[in-house]
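A short write-up of the structure that comes next.
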Amino acid sequence: MGMIIDGKLVSASIKDEVKQRVVELEEKYGSKPKLVVFYVGEDKASAIYVNNKEKACNQLGILSEVVRLSEEISEEDLIKAVNEKVDDDSVNGILVQLPLPKKFDEKKILSLIPWYKDVDGLTEKNVARLVLNEEGIFPCTPMGVVDLMKYYNIDPCGKNVVVVGRSILVGKPLMMLLTNLNATVTLCHSRTQHLDEITRRADIIVMAIGKPRFLTQNMVNKDSVIFDVGINRLDDGKICGDCDFENLIDNVQAITKVPGGCGPMTIAELMKNTVKCFEIQHKDE
Ligand code: GUN
């Protein structure tokens, strides 16, 4: 049987470190990091994510505010609301929960956030820093995968890593992070031909395409290490990943579970990014 890579365990250890750091920062600067989350409209999955983010902040002593806005709000008023938090020195991190309702220009809204408050790592400056392999704030889910690798001593250097999914939140930034760690990365997606041949040759596979139980035994080899970033809600209400876990666990070297794998890591990384933003904003004091 393959090893289960335990995201709950690793995220708990990261959160402990963050909690300690928040105490130190408060002693040093007399204030705590603060995260503001914009939740516009009523997307159901987003409601759960936003609650989880708020809960994690509370656990770690990070101040949090959720700005809940109706889908009816005008783009002009949303811009005004975001800019208020941009100008507020007590706010260290700003996150606009995605997807925004269709009527809003997502790119325009995200571009209001300065790079040093961009806890999602989605603004042009942070994307450029990632590509240039410079210090910056990088997306939480890919950072979670990298930290899971670190914790389990899985060094991607020189390895053949296949990332399946090319989203701006996961696939693309993960491709860059792993390239910067000297992996040989192949970025596959829904249009990739002969995907099974490509994934079978991989040392490490990261699944992030949002298709339930898509990766099966015939697509892997017995030495594969698999990270499942997928969170899919099935008709019966249950959650499952992009991997057919039951089918794979006996036939691979190691794999994450859903839930309890990459999901909790995303939240832990968001907390880490919020503290990092606070530190950047206070570094000259
Ligand atoms: N929607 C789903 N995941 C995320 C995330 O990591 N950040 C934001 N802003 N929206 C999301």
Side-chain angles (χ1 to χ4, degrees), residues 7 11 14-15 34-57 62 64-69 71 78 81-82 85-86 91-102 104-127 130 136-148 163 165-177 206-211 227-233 239 241-242 258-259 261-277:
S11 66
I14 291 176
K15 282 188 189 165
K34 179 174 177 180
L35 175 67
V36 171
V37 176
F38 282 88
Y39 173 33
V40 187
E42 291 182 356
D43 183 83
K44 278 204 185 116
S46 291
I48 298 169
Y49 295 147
V50 167
N51 280 341
N52 288 342
K53 288 166 187 177
E54 201 174 17
K55 244 193 270 168
C57 284
I62 293 174
S64 78
E65 180 186 343
V66 178
V67 181
R68 290 185 165 83
L69 297 168
E71 192 171 341
L78 177 57
V82 174
K85 301 303 176 187
V86 169
V91 173
N92 306 106
I94 300 173
L95 183 148
V96 177
Q97 188 64 33
L98 302 176
L100 280 173
K102 282 202 178 71
F104 297 105
D105 182 347
E106 230 166 62
K107 227 176 133 184
K108 186 168 163 190
I109 302 299
L110 291 176
S111 73
L112 302 170
I113 305 170
W115 74 270
Y116 52 84
K117 292 193 181 188
D118 171 27
V119 286
D120 255 335
L122 290 175
T123 58
E124 287 181 5
K125 269 218 173 109
N126 280 321
V127 173
L130 177 57
I137 312 289
F138 305 134
C140 304
T141 302
M143 288 298 291
V145 173
V146 168
D147 273 353
L148 274 179
V163 177
R166 56 179 155 178
S167 72
I168 194 67
L169 266 170
V170 184
K172 281 186 193 168
L174 186 56
M175 170 188 71
M176 283 320 309
L177 282 169
V206 184
M207 291 302 296
I209 49 161
K211 292 186 182 171
F227 295 88
D228 188 352
V229 172
I231 302 177
N232 306 291
R233 191 169 289 274
I239 300 283
D242 291 349
V258 177
C262 297
M265 291 299 291
T266 296
I267 299 270
E269 297 295 333
L270 176 64
M271 301 298 104
K272 241 171 116 172
N273 275 354
T274 304
V275 165
K276 193 169 177 187
C277 285

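Whatever order the structure lists them in is the order used to number ligands and atoms, beginning at 1. All heavy atoms count here, side chains included; hydrogens, waters and symmetry mates do not.
Note that CD1 of I109 is 4.0 Å distant from CG of L78, once rounded to the nearest 0.5 Å. In this structure, the separation between CG on N273 and CG on L95 is 10.0 Å, given to the nearest 0.5 Å. Distance check: L122 CG to I137 CD1 gives 12.0 Å after rounding to the nearest 0.5 Å.
Only the side chain of L95 comes within 4.0 Å of ligand 1, judged by heavy-atom distances. When non-hydrogen atoms are compared, ligand 1 lies under 4.0 Å from the backbone of L98 as well as from its side chain.
Note: an N/O pair closer than 3.5 Å links D120 and ligand 1 by distance alone. The shortest N/O to N/O separation between T266 and ligand 1 does not fall below 3.5 Å. Here's the thing with V96: one of its N/O atoms is less than 3.5 angstrom from an N/O atom of ligand 1.
I267 is listed as a side-chain neighbour of K53, based on a closest heavy-atom distance under 4.5 Å.
For atom 11 (C) of ligand 1, the closest non-hydrogen atom on the protein side is Q97 NE2, 3.3 Å. The protein non-hydrogen atom at the shortest distance from atom 3 (N) of ligand 1 is L169 CD1, 4.0 Å.
Between K125 and D118, none of the side-chain N atoms (NZ, or NE/NH1/NH2) sits under 4.0 Å from a carboxylate O, so this pair counts as no salt bridge.
No more than 12 heavy-atom neighbours from other residues, nucleotides or ligands sit within 6.0 angstrom of CZ on R233.
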